[in-house]
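Inspection log for the structure reproduced underneath, given as C-alpha cells.
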Amino acid sequence: MTTETTPAPQVWPTLRATDAPTLIRFLTEAFGFRETVVYRDGDQVHHAELAWPEGGGIMLGSVKPSDGGDHWALPPGQFGAYVVTDHPDELFARAKAGGAEIVQEVYETEYGSRDFQVRDPEGNRWSFGTYRGHPLPGE
C-alpha cells in the first residue's frame, strides 16, 4: 500500500536485539534516529522502524525463541551499517555523549569523506560519514 506520504522505495537494513526497547531508545537518543512505528508485547518487539532524518532507516526486532520458526534469525550484535550524514562532527559528539563505544573518532578518508565509527550497546557496528556513494554508470 502506498500513499502520498509513503517514502519512495529504499533499502532498509534489519537487525535483532536482545533488549530491543533499550536499543531503540539508544539509537534515537545517541544517533538521532526517529521512531516511526513499534509493534510490541511488553519488552518483546515484533517489528520496529526507525527513520534516519536524512533519508532511509532501519528495521529491528527482538530475538525470537530458537524453536526453528524464526525465518530471519540474526544474532544480536552482528550488524554493521554505513549511514550518510551531512553533520559528522555534531553527530559524533551526540553519539559519544549518548554512550556509544568509540571505535574510531572522526577522520578524513582517502576518498574525501569525513567519517567515524562506533558500537551500540548490543555490539553492532555503525559507521557514519559524508560519502553518498559513487554515481550510477551513465549518470
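Residues: numbered from 1 along the sequence shown. Note that this is a predicted model, so its numbers are computed, not measured. Values reported hereafter were calculated over all heavy atoms of this structure, with side chains retained and with hydrogens, waters and symmetry mates removed.
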From [X] atom [atom1] to [Y] atom [atom2], the distance as rounded to the nearest 0.5 Å:
X      : Y      : atom1 : atom2 : value
Gln78  : Arg16  : CD    : CZ    : 14.0 Å
Met59  : Leu15  : CE    : CG    : 11.5 Å
Gln117 : Phe92  : CD    : CZ    : 11.0 Å
Leu60  : Glu49  : CG    : CD    : 10.0 Å
Thr36  : Leu50  : OG1   : CG    : 6.5 Å
Thr18  : Glu122 : OG1   : CD    : 3.5 Å

Please determine whether residues [X] and [Y] belong to a single hydrophobic cluster, defined as Ile, Leu, Val, Met, Phe, Trp and Tyr linked transitively by side-chain heavy-atom distances below 4.5 Å.
X      : Y      : value
Ile24  : Val63  : no
Leu27  : Trp12  : no
Val118 : Val106 : yes

Any heavy-atom pair between the side chains of Leu23 and Asn124 that's under 4.5 Å?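 In short, these two side chains touch, coming nearer than 4.5 Å.
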
Within a strict 4.5 Å, meaning less than it, do heavy atoms of the Pro21 and Arg40 side chains meet?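 The answer is yes; the side chains approach within 4.5 Å.
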
Please report the closest heavy-atom contact between [X] and [Y], naming both atoms and the distance.
X      : Y      : answer
Gly32  : Pro53  : O-CG, 3.3 Å
Ala30  : Gly98  : CB-CA, 3.9 Å
Phe26  : Gly99  : CE1-C, 3.9 Å
Asp86  : Glu54  : N-OE1, 2.8 Å
Ser62  : Ala20  : OG-CB, 3.5 Å
Gly129 : Asp115 : CA-OD1, 3.2 Å

Quick one: does [X]'s side chain have a donor or acceptor within less than 3.5 Å of a partner on [Y]'s backbone?
X      : Y      : answer
Ser113 : Tyr131 : yes
Ser127 : Tyr82  : no
Asp19  : Thr22  : yes
Arg94  : Glu29  : yes

Can you check side-chain contact (heavy atoms from CB on, under 4.5 Å) on Ile102 and Lys96, steps first, answer last? CA-CA 7 Å; Ile102 307 304; Lys96 187 174 181 178; 4.1 Å; yes

Take Phe79 and Trp126 through the ring-ring contact (aromatic ring centres under 6.0 Å, His included) test and state the conclusion after the steps. CA-CA 8 Å; Phe79 175 79; Trp126 297 87; 5.3 Å; yes

Between Arg114 and Asp89, is the salt bridge (charged side-chain N to carboxylate O under 4.0 Å, His left out) condition met? List the steps. CA-CA 8 Å; Arg114 190 158 175 78; Asp89 295 284; 2.8 Å; yes

Atom OH of Tyr39 with >12 non-hydrogen neighbours under 6.0 angstrom: no

For the pair Phe33 and Trp52, name the ring-plane relationship: parallel under 30°, tilted 30 to 60°, perpendicular over 60°.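 Ring orientation, 0 to 90° scale: tilted.
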
Between Thr14 and Ile58, is a side-chain contact (heavy atoms from CB on, under 4.5 Å) present by the stated rule, with each step listed? CA-CA 6 Å; Thr14 62; Ile58 61 168; over 6 Å; no

In sequence, state the C-alpha distance, the side-chain angles, and the governing distance for Asp41 and His46, and then conclude on side-chain contact (heavy atoms from CB on, under 4.5 Å). CA-CA 8 Å; Asp41 288 322; His46 301 291; 2.8 Å; yes

